[in-house]
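For reference, the structure discussed in these notes is given below.
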Amino acid sequence: MSRRILLHVVLTLSTLAATACGGRDAAPGRPLANAQVIRPDAISDFTVLYAKNCSGCHGLDGKGGAAIGIGDPVYLAVADDAAIIHVISDGRKGTSMPAFAQHSGGMLTDGQINVIVAGMRSHWGKPDVLRNTEPPPYAAQAPGDPKRGAAAFSIYCASCHGAYGRGGKRASSVVDGSYLGLVSDQGLRSIVITGRPELGAPDWRGDVPGKPMSPQDVSDVVAWLSVQRPQFPGQPYSTALQSRGRLQ
């Protein structure tokens with residue numbers, strides 16, 4: 001290659017690089033003087049806020065992620081704005097749900113959290129989805145009973161999750177220590193009430209045809225699941241623990 005051709009190539013590449021960086025009036029790596037840069041705390045578009053903060057766990061359209069489907073109309077009908085704002089703002093201690101509010105160490109302003117909640121309802125909510133239906137309350141009104149919960153689990157849940165919750169032909173284990181270590185009692189309650197329709201799990205009305213779970217049934221099942229949670233989630237169950245029949 002001659003020096004003249006080599007020089008031409010260098011000049012051409014330099015011109016392309018300058019153009020990519022904004023032309024001669026912009027320094028490499030810097031935006032143009034008239035470019036608009038939006039501060040993170042000034043973003044007010046629901047689609048952007050949800051995609052960057054929520055979709056990684058809850059799915060692009062509010063379902064199909066590792067966490068509960070917050071785009072499920074039943075969930076949105078059961079959980080009011082205050083409950084959703086609280087969990088987004090402060091997270092769930094001891095679970096994989098972090099706090100997003102600035103006052104709790106997160107990155108979002110209160111206004112941005114309100115935008116997310118309003119957007120969830122406008123995009124995925126169906127106000128009439130529970131018409132003529134009285135769902136169990138989002139939060140437990142009184143503690144459940146694990147013994148009654150074992151019986152309720154066998155009626156409503158065992159057909160999919162197995163006799164002791166260890167998994168069956170239609171669904172996986174719900175007593176696995178690693179799973180229970182990542183979900184709070186309220187998270188368990190939300191799933192028992194709303195189900196996971198994207199995974200084929202029905203809500204509280206569909207486990208036994210014609211026999212919806214009562215609010216007490218829901219609380220009792222959650223109480224039974226809660227006592228299966230190991231003291232140190234993720235660690236193998238000890239022989240002593242199994243011999244005492246805690247998992248049963």
Side-chain angles (χ1 to χ4, degrees), residues 38-144 182-199 201-206 212-216 218-219 221-222:
I38 302 177
R39 298 198 329 264
D41 61 359
I43 297 173
S44 59
D45 181 81
F46 165 72
T47 302
V48 175
L49 290 171
Y50 180 85
K52 290 186 175 295
N53 296 281
C54 315
S55 63
C57 292
H58 296 285
L60 292 176
D61 57 354
K63 59 186 178 181
I68 187 172
I70 55 177
D72 178 6
V74 174
Y75 171 80
L76 291 171
V78 172
D80 60 21
D81 285 2
I84 301 175
I85 288 172
H86 172 67
V87 72
I88 294 175
S89 298
D90 302 324
R92 291 287 186 198
K93 186 177 180 181
T95 75
S96 57
M97 176 64 187
F100 283 90
Q102 290 182 350
H103 60 75
S104 296
M107 295 288 291
L108 299 179
T109 66
D110 291 344
Q112 289 175 318
I113 292 173
N114 289 333
V115 167
I116 291 175
V117 175
M120 289 165 54
R121 294 205 181 280
S122 65
H123 281 72
W124 305 313
K126 295 180 180 179
D128 297 333
V129 68
L130 296 182
R131 175 178 288 183
N132 300 324
T133 301
E134 188 65 33
Y138 172 78
Q141 305 299 304
L182 292 172
V183 61
S184 66
D185 285 0
Q186 179 58 57
L188 291 171
R189 183 179 181 85
S190 295
I191 294 173
V192 172
I193 296 173
T194 67
R196 290 293 302 268
E198 73 277 15
L199 300 178
D203 62 34
W204 87 99
R205 299 167 293 182
M213 297 179 74
S214 70
Q216 190 62 58
V218 173
S219 296
V221 166
V222 172

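What's counted below: heavy atoms across the whole structure, side chains too, no hydrogens, waters or symmetry copies. Note that the structure is a prediction, hence the values are computed from the model and not measured.
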When rounded to the nearest 0.5 angstrom, what is the spacing between [atom1] in [X] and [atom2] in [Y]?
| X | Y | atom1 | atom2 | result |
| --- | --- | --- | --- | --- |
| Asp81 | Leu76 | CG | CG | 9.5 Å |
| Thr47 | Leu60 | OG1 | CG | 11.5 Å |
| Lys52 | Ile116 | NZ | CD1 | 12.5 Å |
| Asp90 | Ile113 | CG | CD1 | 8.0 Å |
| His86 | Arg92 | NE2 | CZ | 5.5 Å |

Quick one: does [X]'s side chain have a donor or acceptor within less than 3.5 Å of a partner on [Y]'s backbone?
| X | Y | result |
| --- | --- | --- |
| Thr95 | Met97 | yes |
| Glu134 | Asn132 | no |
| Ser122 | Gly119 | yes |

Is there side-chain contact between [X] and [Y], with at least one heavy-atom pair below 4.5 Å?
| X | Y | answer |
| --- | --- | --- |
| Met213 | Val221 | yes |
| Asp72 | Lys63 | no |
| Ile84 | Arg121 | yes |
| Leu130 | Arg205 | yes |

Taking all non-hydrogen atoms of both residues, which atom of [X] and which atom of [Y] are closest, and how far apart?
| X | Y | answer |
| --- | --- | --- |
| Ser219 | Ala140 | OG-CB, 4.0 Å |
| His58 | Ile68 | ND1-O, 2.8 Å |
| Asp110 | His103 | OD1-CD2, 3.6 Å |
| Ile43 | Gln112 | O-NE2, 2.9 Å |
| Ile70 | Tyr50 | CD1-CE1, 3.9 Å |
| Ser190 | Tyr138 | OG-CE1, 3.5 Å |

Query raised in the report: With no hydrogens and no angle check, do the side chains of Ser184 and Arg189 hold a donor and an acceptor under 3.5 Å apart?
Result: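 Distance-only check fails for Ser184 and Arg189.
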
Report task. Please test Gln186 against Val87 for side-chain contact (heavy atoms from CB on, under 4.5 Å), starting from the C-alpha separation and ending with a verdict. Result -> CA-CA 10 Å; Gln186 179 58 57; Val87 72; over 6 Å; no

Query - Parallel, tilted or perpendicular, as decided by the 30° and 60° cut-offs, for the rings of His123 and Phe46 - result: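 Because their plane-to-plane angle lies in the 30° to 60° range, the rings of Phe46 and His123 count as tilted.
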
Query raised in the report: Counting only heavy atoms not in Leu199, do more than 12 fall under 6.0 Å of its CG?
Result: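 Yes.
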
